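Quantities reported herein were computed from a predicted structural model and do not represent experimental measurements. Throughout, a chain's letter reflects where its sequence line sits, starting with A, and its residues are numbered from 1.
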Amino acid sequence: MEVRALLDIKLIRSDSDRIKDLLKRRKKMPDNIDKVLKIDEGLREITTKLNSMRAERNSISKEVAKFKASKDEKGAEKILARGKELSTEIKIKEGELSKLQKRLKELLLIIPNVPFEKVPIGKDETENVELRRWGEPRKFNFKPKAHWDLGSKRGLLDFERASKLSGSRFTVLYRGAAQMERALISFMLDLHTSKHGYTEVMPPHLVSRETMINTGKLPKFEEESYSTTLDDLFLIPTAEVPLSALHGGEILEEKSLPLKYVAYTPCYRREAGSYGKDVKGMIRQHQFDKVELVMYTTPNKSYENLESLTHDAEEVLQYLKLPYRVIEICTGDLGFVASRTYDIEAWLPSYDDYKEISSCSNVTDYQARRANMRYRKSDNTLDFIHTLNGSGLAVGRTLVAIFENYQKENGMIEVPEVLRPYMRNKEEI
RNA sequence: GGAGAGAUGGCCGAGUGGUCGAAGGCGCUUGCCUGCUAAGCAAGUGUGGGUUUUUCCCACCGUGGGUUCAAAUCCCACUCUCUCCGCCA
């Protein structure tokens with residue numbers, strides 16, 4: 001893969017001011033575009049020089065071949081020296097070239113995706129914009145418990161033994177809780193495959209370093225990842241990683257798009273730098289279950305597909321009758337690979353607030369460029385595809401939302417109706 | 001883990017040092033033919049990059065090195081796939 005394809009270098013050359021302006025809207029975004037342009041210029045200079053040197057060497061080689069064919073050893077001898085000389089010079093130039101390429105690649109790999117023009121400009125999460133709400137938070141006629149109290153008291157969630165086994169930010173689930181987790185997974189997969197047309201996938205949970213780089217999780221977020229030192233494999237932080245790299249290096253047919261995939265996997269995150277955040281309960285875990293939606297689309301359809309993907313995720317909460325709101329993430333809070341993101345937040349009585357339960361993003365061609373995923377257009381030319389991803393939903397947080405929103409005064413938890421078929425028709429746990 | 005075989009264009013597959021960016025076939029595109037479909041005939045058909053941009057040039061035959069004036073082809077290392085043996089959920 002040509003290094004310069006990592007970002008659209010031709011666009012940067014021709015429209016650098018706009019790209020720089022858009023990137024600056026992000027939080028802590030160093031202005032690397034000028035550096036990129038400078039290296040690109042040097043790279044082109046060397047490339048041009050190298051190309052003409054190679055052209056000369058190639059023509060010498062052809063002449064040598066002619067002399068040899070006509071058994072003219074002396075004629076060959078005459079130009080051999082020049083060939084040798086050129087060959088040495090070329091090697092030196094190639095060294096310069098690969099050094100520059102390496103520097104450019106290092107730069108490009110840590111430049112995030114360009115935000116969509118219409119994303120609200122803001123410095124951090126306080127400037128995210130609420131788009132819509134669904135459902136009314138329930139009015140309790142008793143004091144509702146937080147899920148960690150409720151779960152511990154009823155023997156459904158066990159934080160002490162989890163920390164004995166693995167440390168902080170792990171939970172052991174028993175009986176109805178474990179069963180409901182499983183039910184939620186099945187319910188979500190069934191909904192997305194049967195009603196929304198997604199193809200169910202069971203991907204590997206361990207992926208190579210290359211896959212992590214291709215999906216934009218590395219090199220920037222190494223300290224966020226769990227890895228296996230002996231094999232340099234990484235535990236996936238989300239199924240987005242295997243699903244979005246699934247068609248790496250492939251050329252897809254336009255008529256096969258959009259491709260829609262759904263996968264349930266556990267997700268593994270070190271949560272470095274989030275000390276003191278959501279320490280209680282099972283909101284922020286090192287391991288959690290998630291049903292993930294990923295779409296591959298043509299560039300002209302990706303923003304409208306973001307709307308439909310978000311609605312597919314929202315529908316899970318509607319079926320579960322859990323109140324939620326949808327917010328648009330402002331530029332300062334936007335994730336590394338995303339050009340536009342909607343978060344879905346479910347109502348949690350213990351937080352007396354809405355809490356993120358899904359995040360849906362248009363990644364545009366950012367991962368496609370890294371993983372070299374293209375499609376053949378009707379005019380037979382190639383272009384990078386766009387990828388989108390979204391949680392549909394984070395299962396652990398959905399369980400938490402059910403615990404807190406469906407609790408009764410006696411500590412029992414009502415099972416949402418759509419889950420009952422998956423729980424041998426239990427009405428409460 | 002041991003032994004062996006292999007990795008070439010969208011696919012199959014030929015190619016062991018010099019007009020090979022790559023034969024042949026399939027597929028695809030266009031034209032002819034045709035009541036429709038199929039078949040047939042003809043032509044075209046990899047990707048990326050540079051440039052003085054209807055031109056010329058360069059790179060790419062798993063990845064990275066090496067030998068050579070010249071590498072798909074020879075040498076080394078690595079990765080992956082397949083077959084057999086062992087082990088095993």
In short, ring pair (Phe, Tyr, Trp, His ring centres under 6.0 Å) pairs touching residues 193-212 of chain A with sequence neighbours left out are A:His192-A:His196, A:His192-A:Tyr198
Nearest-angstrom distance, [atom1] atom, [N] to [M]:
{"N": "B:C12", "M": "B:G27", "atom1": "P", "value": "15 Å"}
{"N": "B:U30", "M": "B:U81", "atom1": "P", "value": "39 Å"}
{"N": "B:U47", "M": "B:C80", "atom1": "C1'", "value": "22 Å"}
{"N": "B:A39", "M": "B:U73", "atom1": "P", "value": "39 Å"}
{"N": "B:C57", "M": "B:U51", "atom1": "C1'", "value": "8 Å"}
{"N": "B:A38", "M": "B:C60", "atom1": "P", "value": "42 Å"}
{"N": "B:G40", "M": "B:G21", "atom1": "C1'", "value": "31 Å"}
{"N": "B:U37", "M": "B:G46", "atom1": "C1'", "value": "32 Å"}

Base, sugar-phosphate, or nothing: which does [X] touch, judged by heavy atoms less than 4.0 Å apart?
{"X": "A:Leu86", "answer": "nothing"}
{"X": "A:Arg13", "answer": "sugar-phosphate"}
{"X": "A:Lys62", "answer": "nothing"}

Nearest whole angstrom, please: distance from the [atom2] of [N] to the [atom1] of [X].
{"X": "A:Ile9", "N": "B:G50", "atom1": "CD1", "atom2": "P", "value": "9 Å"}
{"X": "A:Lys93", "N": "B:G50", "atom1": "NZ", "atom2": "P", "value": "18 Å"}
{"X": "A:Leu382", "N": "B:U45", "atom1": "CG", "atom2": "P", "value": "16 Å"}
{"X": "A:Gln101", "N": "B:C60", "atom1": "CD", "atom2": "C1'", "value": "13 Å"}
{"X": "A:Phe67", "N": "B:U68", "atom1": "CZ", "atom2": "P", "value": "22 Å"}
{"X": "A:Lys66", "N": "B:G18", "atom1": "NZ", "atom2": "P", "value": "16 Å"}
{"X": "A:Leu6", "N": "B:G48", "atom1": "CG", "atom2": "P", "value": "15 Å"}
{"X": "A:Glu56", "N": "B:G50", "atom1": "CD", "atom2": "P", "value": "23 Å"}

One should read off an interatomic distance between A:Asn128 CG and A:Asp333 CG, to the nearest 0.5 angstrom, of 4.5 Å
Under 4.0 Å from OP1 or OP2 of [N]: is there any side-chain N or O of [X] that close?
{"X": "A:Ser87", "N": "B:A70", "result": "yes"}
{"X": "A:Lys102", "N": "B:G64", "result": "no"}
{"X": "A:Arg57", "N": "B:U68", "result": "no"}
{"X": "A:Asn58", "N": "B:A59", "result": "yes"}

Comparing A:Thr47 with A:Leu50, nearest RNA chain B nucleotide closer to 5' gives the residue A:Thr47
Of A:Gly83 and A:Ser59, the one whose closest nucleotide on RNA chain B sits nearer the 5' end is A:Ser59
Would you say the side chain of A:Glu404 lies within less than 4.5 Å of the side chain of A:Leu150, judging by non-hydrogen atoms? no
**Item:** Whether over 12 other heavy atoms sit under 6.0 Å from A:Glu45 CD
**Value:** no
Considering only NZ, NE, NH1 and NH2 on the basic side and carboxylate oxygens on the acidic side, decide whether [X] and [Y] come within less than 4.0 Å.
{"X": "A:Glu417", "Y": "A:Lys321", "result": "no"}
{"X": "A:Lys301", "Y": "A:Glu304", "result": "no"}
{"X": "A:Asp312", "Y": "A:Lys195", "result": "no"}

Per-residue pairing states of RNA chain B in dot-bracket (Watson-Crick or G-U under 3.5 Å; . unpaired, | other strand) read ((((((((.[[[..)..(.....]]]((((((.......))))))(((((.....))))).[[[[[..)....]]]]])))))))....
What nucleotide among [options] has an atom nearest to a side-chain atom of [X]?
{"X": "A:Leu80", "options": "B:G48, B:C69, B:U51", "value": "B:C69"}
{"X": "A:Ser61", "options": "B:G18, B:G50, B:U47", "value": "B:G18"}
{"X": "A:Lys10", "options": "B:G50, B:G18, B:G48", "value": "B:G50"}
{"X": "A:Val64", "options": "B:A70, B:C58, B:G18", "value": "B:G18"}

Next item on the list: Fit a plane to each ring of A:Tyr422 and A:Phe187, take the angle between them on a 0 to 90° scale, and name the class: parallel (under 30°), tilted (30 to 60°) or perpendicular (over 60°).
Entry: perpendicular
In terms of heavy-atom contacts, A:Lys426 and A:Val415 come closest through O-CB, 3.6 Å
